[in-house]
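Note that the structure is a prediction, hence the values are computed from the model and not measured. So that the names make sense, note that chain A is the first sequence line, chain B the second, and so on, each numbered from 1.
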Amino acid sequence: LYKGLDIGTAKPDKQEREIVPHHLIDIFEISERLDVFRYVELADRAICEIRSRGHIPVIAGGTGMYIRALLYGLDPLPSNPELRTKLDAEFDSESGFEKLKELMSAKDPGDFQRWKQHRRKLIRALEVFEITGKSITELQKTWKENPSLRYDVFAGTLVWDREILKRRIEIRTDKMLRSGWIDEAAEMIRQGLLHSPTAHQALGYKIIAEYLEGGISHETMRTRIITSTWQYARRQITWFKNQHPESVPINMPVDMEKLICGIRRQSHDY
RNA sequence: GGUGGGGUUCCCGAGUGGCCAAAGGGGGCAGACUGUAAAUCUGCUAGCUAUGCUUUCGGAGGUUCGAAUCCUCCCCCCACCA
């Protein structure tokens, strides 16, 4: 989605994009704040446009929450950017967290119990509570109790053998570092990546920043990127295993045929 | 060769007689997840025929009712001196 984070987020390159047109790439500046809701709006629009041309859209990516939100929808929870900015300023810090807990345990004990260790979720719950006077848990019930797919999809979760996956992450990291990731990161940091609202969360850039400041060696940086990527991959495994009943496992690389057949079937349905 | 410091559970690292299968961190494993999600958070992490037992704190002995902790010898590592 973000401009500039080409190597670090492993964007498809020019050649790949000539073969398969990609959407929603480079549509945000790193200084922009992004969230699931906006993503779903944009993805819906892109899907609609692709289908209107008689083509089959393929949703690819590892951001579980975004994909689930696209496929199952979001409950109509309100948001208020100004209020949120205010709440963040007040509570999104070590010291603010204690105040937040006190406030929420008084105002909204249910959500407080649910998220008492989780600063961000508690702030979001407070935001919703301030706007609606209701607990976010209460308002999320529609999705929880009656999840239904918004699109007729064939969904597959790519599953690699763990040892092979680890090895692939290592190879991928080295490849990215050799392709100039460090220079890219330096440039992005110069443009304010570390203080960006959401883009700074892209994996690896903060670790590279530490290396550039001389805090850690090249090898330590490399190892940490590999470890974080691996941990992220594990979170993805958990997510897609438990949050996507519609998805079938595609054992890589042997089940590629299954994936292709699934996509073909969709195209016949059109 | 001499002096000083050190060897702790997968790793780093605390523990200097009982409350120690051993703090804390890392890693690993499992899980959560509705507007910052490549983020954030939670639980478990010696073994077993488990409210107890067995093995574990460099190795071998010893002191003690009781040792990761004290003593002796040995093996390795680091720093400084030569």
Verdict with supporting geometry, A/Met221 and A/Glu210, side-chain contact (heavy atoms from CB on, under 4.5 Å): CA-CA 8 Å; A/Met221 171 195 71; A/Glu210 231 183 303; over 6 Å; no
Phosphate OP1/OP2 of B/rG28 contacted by A/Gln231 side-chain N/O (<4.0 Å): yes
Would you measure the distance from the [atom1] atom in [N] across to the matching atom in [M] and give it in whole Å?
{"N": "B/rC77", "M": "B/rC10", "atom1": "P", "value": "22 Å"}
{"N": "B/rG66", "M": "B/rC12", "atom1": "C1'", "value": "31 Å"}
{"N": "B/rA68", "M": "B/rG43", "atom1": "C1'", "value": "28 Å"}
{"N": "B/rC65", "M": "B/rU55", "atom1": "C1'", "value": "22 Å"}
{"N": "B/rU63", "M": "B/rU72", "atom1": "C1'", "value": "11 Å"}
{"N": "B/rG52", "M": "B/rA22", "atom1": "P", "value": "14 Å"}
{"N": "B/rG26", "M": "B/rU42", "atom1": "P", "value": "11 Å"}
{"N": "B/rC19", "M": "B/rU54", "atom1": "P", "value": "16 Å"}

For [N], which nucleotide in any strand shown is its Watson-Crick or wobble partner with both distances under 3.5 Å?
{"N": "B/rA39", "value": "none"}
{"N": "B/rA22", "value": "none"}
{"N": "B/rU49", "value": "none"}
{"N": "B/rC57", "value": "none"}
{"N": "B/rU69", "value": "none"}
{"N": "B/rC44", "value": "B/rG28"}
{"N": "B/rU3", "value": "B/rA79"}

Ionic contact status for [Y] with [X], cut-off 4.0 Å:
{"X": "A/Lys175", "Y": "A/Asp13", "answer": "no"}
{"X": "A/Arg38", "Y": "A/Glu41", "answer": "no"}
{"X": "A/Glu49", "Y": "A/Arg53", "answer": "yes"}

Is there a donor-acceptor contact under 3.5 Å linking the side chains of A/Glu184 and A/Tyr205? yes
Using the rule given for side-chain contact (heavy atoms from CB on, under 4.5 Å), can you reason through A/Leu126 versus A/Phe91, listing the C-alpha separation, both sets of side-chain angles and the distance that settles it, and then say yes or no? CA-CA 10 Å; A/Leu126 179 59; A/Phe91 298 117; 3.7 Å; yes
Under a 4.5 Å cut-off applied to non-hydrogen side-chain atoms, are A/Leu70 and A/Arg150 in contact? yes
Salt bridge (charged side-chain N to carboxylate O under 4.0 Å, His left out) evaluation trace for A/Glu102 with A/Lys99: CA-CA 5 Å; A/Glu102 271 175 50; A/Lys99 282 190 291 175; over 6 Å; no
Taking RNA chain B as the partner, which of [range] come within under 4.0 angstrom of it by heavy atom?
{"range": "residues 210-229 of chain A", "value": "A/Thr227"}
{"range": "residues 200-208 of chain A", "value": "A/Gln201, A/Ala202, A/Leu203"}
{"range": "residues 1-14 of chain A", "value": "A/Gly8, A/Thr9"}

With a 6.0 Å cut-off (strictly less than), is the heavy-atom count around NE2 of A/His195, excluding the residue itself, greater than 12? no
Quick test of your reading: applying side chain to side chain donor-acceptor pair (under 3.5 Å), list the pairs with at least one residue in residues 116-130 of chain A, sequence neighbours left out, ordered by first then second residue. A/Arg84-A/Glu127, A/Asp92-A/Arg119, A/Lys107-A/Glu130, A/Arg120-A/Gln201, A/Arg124-A/Glu127
Transitive ILVMFWY side-chain link A/Ile263 to A/Tyr151, under 4.5 Å: no
Determine, stepwise, if the pair A/Lys101 / A/Glu98 fulfils salt bridge (charged side-chain N to carboxylate O under 4.0 Å, His left out). CA-CA 5 Å; A/Lys101 285 186 194 170; A/Glu98 286 310 311; 3.6 Å; yes
Is there a side-chain contact (heavy atoms from CB on, under 4.5 Å) between A/Met176 and A/Ile225? Walk through the geometry before answering. CA-CA 11 Å; A/Met176 281 157 66; A/Ile225 292 171; over 6 Å; no
Run the side chain to side chain donor-acceptor pair (under 3.5 Å) test against A/His244 and tell me which residues pass, sequence neighbours left out. A/Trp239, A/Glu246
Can you give me the N/O atom pairs linking the protein to nucleotides 31-35 of chain B at distances under 3.5 Å, or say none if there are none?
residue, atom, partner, partner atom, Å
B/rG31, OP1, A/Lys241, NZ, 3.3
B/rG31, OP2, A/Lys241, NZ, 3.2
B/rA32, OP2, A/Asn242, ND2, 2.9
B/rC33, OP2, A/Gln243, NE2, 3.0
B/rU34, OP1, A/Lys121, NZ, 3.1
B/rU34, OP2, A/Arg114, NH2, 3.1
B/rU34, O2, A/Asp75, N, 3.0
B/rU34, N3, A/Asp75, OD2, 2.7
B/rU34, O4, A/Asp75, OD2, 2.9
B/rU34, O4, A/Gln140, O, 2.0
B/rU34, O4, A/Lys144, N, 3.3
B/rG35, OP2, A/Arg124, NE, 3.2
B/rG35, O6, A/Leu77, O, 2.3
B/rG35, N2, A/Ser79, OG, 2.8

Angle class for the A/Tyr39/A/Tyr66 ring planes (parallel below 30°, perpendicular above 60°, tilted otherwise)? tilted
Any donor-acceptor N/O pair under 3.5 Å between B/rU36 base and A/Arg120 side chain: yes
Name the closest nucleotide to the A/Arg162 side chain, picking from B/rC29, B/rA39, B/rG28. B/rC29
Over all strands shown, is A/Tyr66 touching base, sugar-phosphate only, or nothing at heavy-atom distances under 4.0 angstrom? sugar-phosphate
Using a cut-off of 4.0 Å on non-hydrogen atoms, how would the nucleic acid contact of A/Asn80 be classed: base, sugar-phosphate, or nothing? nothing
On RNA chain B, does the nearest nucleotide to A/Gln117 precede the nearest nucleotide to A/Pro197 from the 5' side, or the other way round? Give the residue. A/Pro197
